[in-house]
Amino acid sequence: MGEIITRFPPSPTGYLHVGGARTALFNWLYARKTGGTFILRIEDTDLERSTEASVQAIFDGLEWLGIDWDQGPFYQTQRFDLYKEVIDKLLEDGHAYWCTCTPDEIDVMRETARANGAKPKYNGKCRHRNLGPGNGAVVRFKVPLSGSTAFDDMVKGRISIPNAELDDFIIQRSDGSPTYNLAVAVDDLTMKVNTILRGDDHVNNTPKQVLILQAMGETVPTYGHVPMVLGADKARLSKRHGATSVTEYRDMGILPDAMINYLARLGWSCGDQEFFTREDLIEKFDPDHIGRSPGVFDVEKLLAINHDHIQQKPTAEVTEALLPYLEKAGIVAGDRVQLEKAVKTLAPRSRTLVDMAENARFYFNGITGYDAKMAKKAFKPEAAEVLSVMKAALGETEFTQEALSATFKAVVEKLEVGFGKVAMPMRLAVSGTGASPDMYEMLEVLGQEETLKRIDDAVAHIRSLG
RNA sequence: GUCCCCAUCGUCUAGCCUGGUCCAGGACACCGGCCUUUCACGCCGGCGACAGGGGUUCAAAUCCCCUUGGGGACGCCA
């Protein structure tokens, strides 16, 4: 086939949703894997619903995911002259005709057909009337009355649809604008797109596009229809199932690499492999392994894979990604070195960057109080004594894990108590809670000065209780 | 209603094209245990599926047919 040329053609009528993101990803991956070209095309022929804000939202979504394009963005509204030319040619060659039937008349046709148990279709009334352009007239494509139109789908195999199922669909609206099927066929042809991975919901449009291309005497691209993404109830994914916009997942603290990993594995597989870096995906993506059945979007699994990425990714990169979430949470981290150390302690216990930012709060913003349940156990009067001893010992300790460990051991021996008697008050004093990172790692991140200060605060707090 | 597509654990899936190595493998979730200074991580183990029925075959999750179920499409939306 030569160079693979794929495209992603969203219509700017809303944000980038996860289903769209996945088809964009598949096309992008295939182009990147094969060293081909990936085109972005904005399908804005619906002047009523297309908005500038949506275009921007789609760019934002793609940018966040790290999906870049080689050509475009092309806007269909800027290509009306081209569509017009093709439509005129189709008219001229007898592959299309003018129609003056009103929407109301067509409604009646459809009602009638439906009542007879047939497929609701336009009945071809104007097909042989040899009408010319007139106000309110549309142009319809002349679909063969018999036979069938087939194509070999990359994921589903050969698909064949009887032409009798199709009606003479509109290719030019009464306002002169082209409709979807016409514009797509023309664009894919002129942009030399040869591989089209798109949602399942387009299967029924494919014969129409094939027919247009054939009428133009052109060859058709290779199609691959990817099954839909469903919600937990197996219905098509929609807002009522929760977040459907990719940027909502960004806001939830999902790493872009985790998002594309999850999205790729939803409907595509590579043996038993679950974890993929971006490079892995590009190297291993193969449309042959796109599944044929629809899949349910499972946030739990997304969170799990996000956790894996948080742990696998180099600390410096996770730290960089965390920055905006810290800012949003109002957390002012210390220097970068300290922050990275903190991130290292937090990674195993954070499923999202939002979690991680929240878990980092005690390191940098100080503590606002002590967990009540924990305080009842750990802050008994004698704890003040233990903490004082710890403070003295820590004042002489170098804040490295080995030295810290040795100091704790020495204090425990000197006091002749269980380790918990020392660790519990310390943990609470320093973190404010009973759940924190490993003691030595935590103290190392916190540093000597801050640790001693917090111990003082805790001692004062315990004594104030009487 | 008509047409198109799909059908392996609760979920994502491997296996299916090129039948036997599958009394079906992995992951998420769930349950139990281990580790342990907390919470986690990690590790080990458990639960759990070939929609149903017919064929073809020495042999079927794998091939064929039917049924059932699910999804999609049927717009001067894309």
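Just so it is clear: chains get the letters A, B, ... in the order the sequence lines come, proteins before strands, and each one is counted from 1.
Residues from residues 368-375 of chain A placing a heavy atom under 4.0 Å of any atom in RNA chain B do not occur. Looking at residues 143-151 of chain A, you'll see that no heavy atom sits under 4.0 Å from any atom of RNA chain B.
Considering only heavy atoms from C-beta on, A:L446 stays 4.5 Å or farther from A:F399 through its side chain. A:H225 has its side chain within reach of A:R198: a pair of non-hydrogen atoms, C-beta onward, lies under 4.5 Å apart. Side-chain contact check for A:R278 versus A:I260: some heavy-atom pair is nearer than 4.5 Å. Taking 4.5 Å as the limit, some side-chain heavy atom of A:L145 sits within range of a side-chain heavy atom of A:R127. Looking at A:L90 and A:Q172, their side chains never come closer than 4.5 Å, going by heavy atoms from C-beta outward. Side-chain atoms of A:V229 and A:H17, non-hydrogen and from C-beta on, never get closer than 4.5 Å to each other. Looking at A:V18 and A:V246, their side chains come closer than 4.5 Å, going by heavy atoms from C-beta outward. Proximity of A:D200 to A:K156: side-chain heavy atoms (C-beta onward) are separated by under 4.5 Å at one or more points.
Nucleotides B:C3 and B:C9, compared at atom C1', are 33 Å apart to the nearest Å. Comparing the same atom, C1', in B:C47 and in B:C30 gives a spacing of 8 Å after rounding to whole Å. Between the C1' atoms of B:A49 and B:U62, the separation comes to 15 Å (whole Å). Look at the C1' atom in both B:U18 and B:C63: the space between them is 12 Å, to the nearest Å. Rounded to a whole angstrom, the distance from the C1' atom of B:C50 to that of B:A14 is 13 Å. Distance check on atom P: B:G10 versus B:A24 gives 15 Å, rounded to whole Å. One C1' atom belongs to B:C41, the other to B:U36, and the distance between them is 11 Å to the nearest Å. Comparing the same atom, C1', in B:A61 and in B:U21 gives a spacing of 15 Å after rounding to whole Å.
Ring centers of A:W268 and A:F285: under 6.0 Å apart, within the cut-off. In this structure, A:H202 has its ring center under 6.0 Å from that of A:Y180. Ring to ring, A:F297 and A:H241 are not that close: their centroids are 6.0 angstrom or more apart.
In this model, a side-chain donor or acceptor of A:S174 finds a partner on the base of B:C76 within 3.5 Å. Counting distance only, with no hydrogens placed and no angle test, the side-chain atoms of A:N205 and the base atoms of B:A78 include a donor-acceptor pair under 3.5 Å. Contact of A:R349 with B:C39 (side chain to base): a donor-acceptor pair of N or O atoms is detected under 3.5 Å.
For A:R427, whose side chain is taken as the heavy atoms from C-beta onward, the closest listed nucleotide among B:C76, B:U38, B:C4 is B:U38. In this structure, of B:C76, B:C3, B:A78, it is B:C3 that holds the atom nearest to the side chain of A:E165.
Backbone-only engagement by A:Q311 is indicated by non-hydrogen atom pairs under 4.0 Å involving sugar-phosphate atoms exclusively. A:P227 comes within contact range of no nucleotide atom at all, as no heavy-atom separation falls under 4.0 Å. Residue-level contact check: A:V138 touches the bases, meaning some heavy atom is under 4.0 Å from a base atom. Across all strands, A:I170 comes closer than 4.0 Å to base atoms (heavy-atom distances). Residue-level contact check: A:S431 touches neither bases nor backbone, having no heavy atom under 4.0 Å from any strand. Here A:T433 lies out of heavy-atom contact (under 4.0 Å) with every strand. Counting any heavy atom pair closer than 4.0 Å across all strands shown, A:H202 reaches a base atom. Base engagement by A:R49 is indicated by at least one non-hydrogen atom pair under 4.0 Å involving a base atom. Across all strands shown, A:N116 has no heavy atoms under 4.0 Å from either base or sugar-phosphate atoms.
Ring geometry for A:Y223 versus A:F151: interplanar angle over 60°, hence perpendicular rather than tilted (30 to 60°). Using bins of under 30°, 30° to 60° and over 60° for the plane-to-plane angle, the ring pair A:F141/A:F169 lands in the parallel bin.
The backbone N or O of A:T277 lies less than 3.5 Å from a partner atom in the side chain of A:D280, making a donor-acceptor pair.
Taking atom NZ of A:K344 as the reference point, atom C1' of B:C41 lies 15 Å away to the nearest angstrom. B:C76 atom P lies 13 Å from atom CD of A:E105, rounded to whole Å. A:D167 places its CG atom 16 Å from the P atom of B:A73, with the value rounded to the nearest Å. A:Y223 has its OH atom 19 Å from the P atom of B:C4, to the nearest Å. When the P atom of B:C76 is taken as reference, atom NZ of A:K125 falls 16 Å away, rounded to whole Å. We find that CG of A:D308 is positioned 17 Å from P of B:A40, with the value rounded to whole Å. Across the protein-nucleic acid pair, A:K156 atom NZ and B:C4 atom P stand 13 Å apart, rounded to whole Å. Separating the CD1 atom of A:I87 from the C1' atom of B:C76 is a distance of 12 Å, rounded to the nearest angstrom.
When both distances must be under 3.5 Å, the Watson-Crick or G-U wobble mate of B:A60 does not exist. Nucleotide B:G69: paired with B:C6 (Watson-Crick or G-U wobble, both distances less than 3.5 Å). Across all strands shown, B:C31 is found opposite B:G45 as a Watson-Crick or G-U wobble partner, with both distances under 3.5 Å. Under the Watson-Crick or G-U wobble criterion, with both distances below 3.5 Å, B:C16 is left unpaired in every strand shown. The base-pairing partner of B:C74, taking Watson-Crick or G-U wobble contacts with both distances under 3.5 Å, is B:G1.
Between A:D46 and A:A423, the residue whose closest nucleotide on RNA chain B is further toward the 5' end is A:A423. Each of A:Y122 and A:G117 was assigned the nucleotide of RNA chain B with the nearest heavy atom; the assignment lying further toward the 5' end belongs to A:G117.
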* Evaluation steps, side chain to side chain contact (heavy atoms under 4.5 Å, CB included), between A:L65 and A:W28 -> CA-CA 11 Å; A:L65 290 170; A:W28 179 79; over 6 Å; no
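By the rule that a glycosidic angle within 90° of 0 means syn, B:C47 does not qualify and counts as anti.
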Between the protein and nucleotides 7-13 of chain B, which nitrogen or oxygen pairs come in under 3.5 angstrom?
from, atom 1, to, atom 2, distance (Å)
B:U11, OP1, A:K234, NZ, 3.1
B:C12, OP1, A:V296, N, 2.9
B:C12, O2', A:R265, O, 3.1
B:C12, O2, A:K301, NZ, 3.2
B:U13, OP1, A:G267, N, 2.5
B:U13, O3', A:S269, OG, 3.3

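In this structure, A:R110 reaches the B:G75 phosphate: one of its side-chain N or O atoms is under 4.0 Å from OP1 or OP2. For the pair A:R173 and B:A78, the criterion of a side-chain N or O lying under 4.0 Å from OP1 or OP2 is met.
Atom CD of A:Q209 and atom OG1 of A:T149 lie 12.0 Å apart (nearest 0.5 Å).
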